[in-house]
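Data block below; observations after.
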Amino acid sequence: GRAVGAGLPVTAGRWEDAASDRRFVAPTPDQLYHELDRFHAPAPDSTWAEWHYFNVAPGEGEWWYLTYLVGGPLAAGGGGGQLLVTRHRNGSPPARFEATVPRAEVRFDTTSANLVLGPHTVIQQDGRYRLVGTATGPAGSVQFDLTVVPTPNAYFPPIELRSDAFLSGYVVPG
């Protein structure tokens, strides 16, 4: 009780933190990012979607926007996934690349940040995100295998926006 400022003392017995208490107060990087960035159960309608996105800046004047998207009526057996990649370079129009994945090749769960869209994956382990993907577009194709390491404690925690007809949420884990 003292750690959270509770004014009432324990008068009988004793207090011991459970594993879930310790995880809440001081999660490992693996626990933190899986909790922050996990997927949620799909809605039965066609409007449900979730995604991971990453901004990657390999050098001055160039950045890439990578989106791993899952959407559609997955709960009803439909929908699917996409890998969307946009390359921005100073002085050039954006180049867009994509790969579409059928529902049968989409894998995620509600306790993990990990996502499999066929051969395109996001795997979070120990606070590091390994991104693998290949996409094509009018400018050719792109292939990547990289690791993104978020700056510790530099995240926007999950929020949920809700009304009678609309539910949305957002989190930026790094």
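Only heavy atoms go into these numbers, but all of them, side chains included; no hydrogens, no water, no symmetry mates. Predicted, not measured: the structure shown is a model, and the values here were computed from it. For this chain, numbers begin at 1 and follow the sequence in order.
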### Residues L36, Y155; criterion side chain to side chain contact (heavy atoms under 4.5 Å, CB included); working and verdict
CA-CA 9 Å; L36 280 176; Y155 57 84; 3.8 Å; yes
### Query
Does H88 have any ring-ring contact (aromatic ring centres under 6.0 Å, His included) partners at least two apart in sequence or in another chain, and if so, which?
W63
### Query
What heavy-atom pair brings Q124 and Y129 nearest, and what distance separates the two atoms?
CG-CZ, 3.8 Å
### Task
Quick one: pull up CG in L84 and NE2 in H120 and give me the separation to the nearest 0.5 Å.
10.5 Å
### Query
How close do A95 and A139 get, heavy atom to heavy atom, and via which atoms?
CB-CB, 4.4 Å
### Query
Given L66 and F144, is the side chain to side chain contact (heavy atoms under 4.5 Å, CB included) satisfied, shown in steps?
CA-CA 10 Å; L66 314 174; F144 56 89; 4.0 Å; yes
### Results of side chain to side chain donor-acceptor pair (under 3.5 Å) for T110 - residues two or more places apart only
none
### Message
Starting from V116, can I reach Y33 by hopping between I/L/V/M/F/W/Y residues whose side chains sit under 4.5 Å apart?
### Response
no
## Note on the structure
On a heavy-atom basis, the closest approach of A99 and A135 is N-CB, 4.2 Å
### Message
I need the minimum non-hydrogen distance between P94 and T86, along with the two atoms involved.
### Response
CB-CG2, 3.8 Å
### Query
Rounded to the nearest 0.5 Å, how far apart are CG of D109 and NE2 of H40?
11.5 Å
#### Entry: 4.5 Å side-chain heavy-atom contact, V122 and F108
no
### Message
Holding to ring-ring contact (aromatic ring centres under 6.0 Å, His included), I want the full list of residues that pass it with H34, two or more places apart in sequence or in another chain.
### Response
none
### Task
Would you mind listing every salt bridge (Lys or Arg N to Asp or Glu O under 4.0 Å) that reaches into residues 117-131, with sequence neighbours excluded?
R130-D145
### Task
Taking the side chain as every heavy atom from C-beta outward, state whether T100 and Q82 have any atom pair closer than 4.5 Å.
yes
### Task
Identify the two heavy atoms, one from Q31 and one from P27, that lie closest to each other, and give their separation to 0.1 Å.
OE1-CA, 3.4 Å
### Query
Which pairs pass salt bridge (Lys or Arg N to Asp or Glu O under 4.0 Å) with one or both residues in residues 70-88, sequence neighbours excluded?
none
### Main-chain N/O of L69 paired to T67 side chain as donor or acceptor, under 3.5 Å
no
### Query
Which residues satisfy the side chain to side chain donor-acceptor pair (under 3.5 Å) test with W64, sequence neighbours excluded?
E62
### Query
Which word best sums up how the rings of H52 and F39 line up, parallel for under 30°, tilted for 30 to 60°, or perpendicular for over 60°?
perpendicular
### Task
Dump the intermediate steps for side chain to side chain contact (heavy atoms under 4.5 Å, CB included) on F97 and V142, then the final yes or no.
CA-CA 7 Å; F97 309 87; V142 295; 3.7 Å; yes
### Task
Applying side-chain contact (heavy atoms from CB on, under 4.5 Å) between L131 and each of I123, T121, V148, report the one that passes.
V148
### Task
Return yes if a side-chain donor-acceptor contact under 3.5 Å exists between T28 and D30, otherwise no.
no
### Query
How far apart are the closest heavy atoms of P119 and V132, and which atoms are they?
O-CG1, 3.9 Å
### Message
To the nearest 0.5 Å, what is the distance between CG on L83 and CG on L117?
### Response
7.5 Å
### Message
Hydrophobic clustering (ILVMFWY, side-chain heavy atoms < 4.5 Å, transitive) - are V56 and V149 grouped together?
### Response
no
